[in-house]
Amino acid sequence: MNRKWLIGGVVAAVIGVIVLIAVLVKGDDDPGGWIAKKYNKLSVDTYRSGNSPQKVASEIAKKFKPIDRVDALALASGQGMPATPVSAQSPVSAQSVPVSAQGVPVDTQDAPVSIQAGRAVPLNVVAAQGGIFLQYPKTVVGILPDGAGSRITVDGPDSGYRRYHSYIGTRWTSPGSGGWNRNGTASFRGGGPGSGK
């Protein structure tokens, strides 16, 4: 009886070591959980850091190597995309409601806002300034300027691709049903023999 327990224990230990090695070799390629622990949560999948977008992008990319990185801030700062100050785009009415340059109220009910120069600015307006975008197999991380710091968004492949398409659409392929593979091309989940018939 003792011999069976000994053999079972050795087999369980070997399996545990194999699983541990597989996890360590593969690593974790999804930064969402780490971002949630490291940065201040503002809303669902939206975080804030007091550091610049460049520094935050470097922190995340150092911990989780992205498939690709698009730095639209570099473009906005004078290499092809004009940078427009957010405060000029979104003044606030006397009732502290964000308004467009034409004085039309901006609906922020469904959009997270950023406080810049004492003004509530919808995140989609902040994104117009550009940002740094990191591509992972199942995640798109957007790092946007937010006052003196950064706002970090974590999206799935489809929603991230749609949200930041104007910056990444010419460089990244549209994600497949499984996101992207390690080469950045659309990844499709296989259904096994006879699937799709």
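Along the sequence shown, residues carry numbers from 1.
Across all their heavy atoms, Pro175 and Ala186 have their closest contact at C-CB, 4.0 Å. Of all non-hydrogen atoms in Tyr136 and Pro66, the two that sit nearest each other are CE2-CA, 3.5 Å. When every heavy atom of Leu73 is checked against every heavy atom of Pro53, the shortest pair comes out as CD1-CB, 3.5 Å. Between Leu134 and Ala57, the shortest heavy-atom contact is CD1-O, 4.1 Å. In terms of heavy-atom proximity, Val154 sits nearest to Tyr47 at CG2-CE1, 4.1 Å. Scanning all heavy atoms of the two residues, the minimum distance from Gly130 to Pro145 falls at O-CD, 3.4 Å.
Ile35 and Val44 fall into different hydrophobic clusters, defined by Ile, Leu, Val, Met, Phe, Trp and Tyr side-chain heavy atoms under 4.5 Å apart, directly or through other members.
In this structure, CZ on Arg163 lies 9.5 Å from CZ on Phe133, to the nearest 0.5 angstrom. For the atom pair CZ of Arg162 and NE2 of His165, the computed distance is 11.0 Å after rounding to the nearest 0.5 Å. Atom CG of Asp71 is separated from atom CD1 of Ile143 by 9.5 Å, given to the nearest 0.5 angstrom. Here Lys63 contributes atom NZ and Lys38 contributes atom NZ; the two are 9.5 Å apart, rounded to the nearest 0.5 Å. Separating the CG atom in Asn40 from the OG1 atom in Thr46 is a distance of 13.0 Å, to the nearest 0.5 Å. Atom OH of Tyr161 is separated from atom CD of Gln135 by 9.5 Å, given to the nearest 0.5 angstrom.
Between Phe64 and Thr139 there is no side-chain heavy-atom pair separated by less than 4.5 Å. Using a 4.5 Å heavy-atom cutoff, the side chains of Thr153 and Tyr164 are in contact.
Evaluation of the salt bridge (charged side-chain N to carboxylate O under 4.0 Å, His left out) rule for Asp158 yields no partner, not counting sequence neighbours. Take Ser49 and apply the side-chain contact (heavy atoms from CB on, under 4.5 Å) test, not counting sequence neighbours, and it matches Tyr39, Asn51, Val56, Ile152.
Counting only distance, with no hydrogens or angles, the side chain of Lys138 and the backbone of Gly178 share a donor-acceptor pair below 3.5 Å.
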- Task: Just do the side-chain contact (heavy atoms from CB on, under 4.5 Å) check on Asp68 and Trp180 with the steps written out, would you?
- Result: CA-CA 11 Å; Asp68 195 18; Trp180 293 282; over 6 Å; no

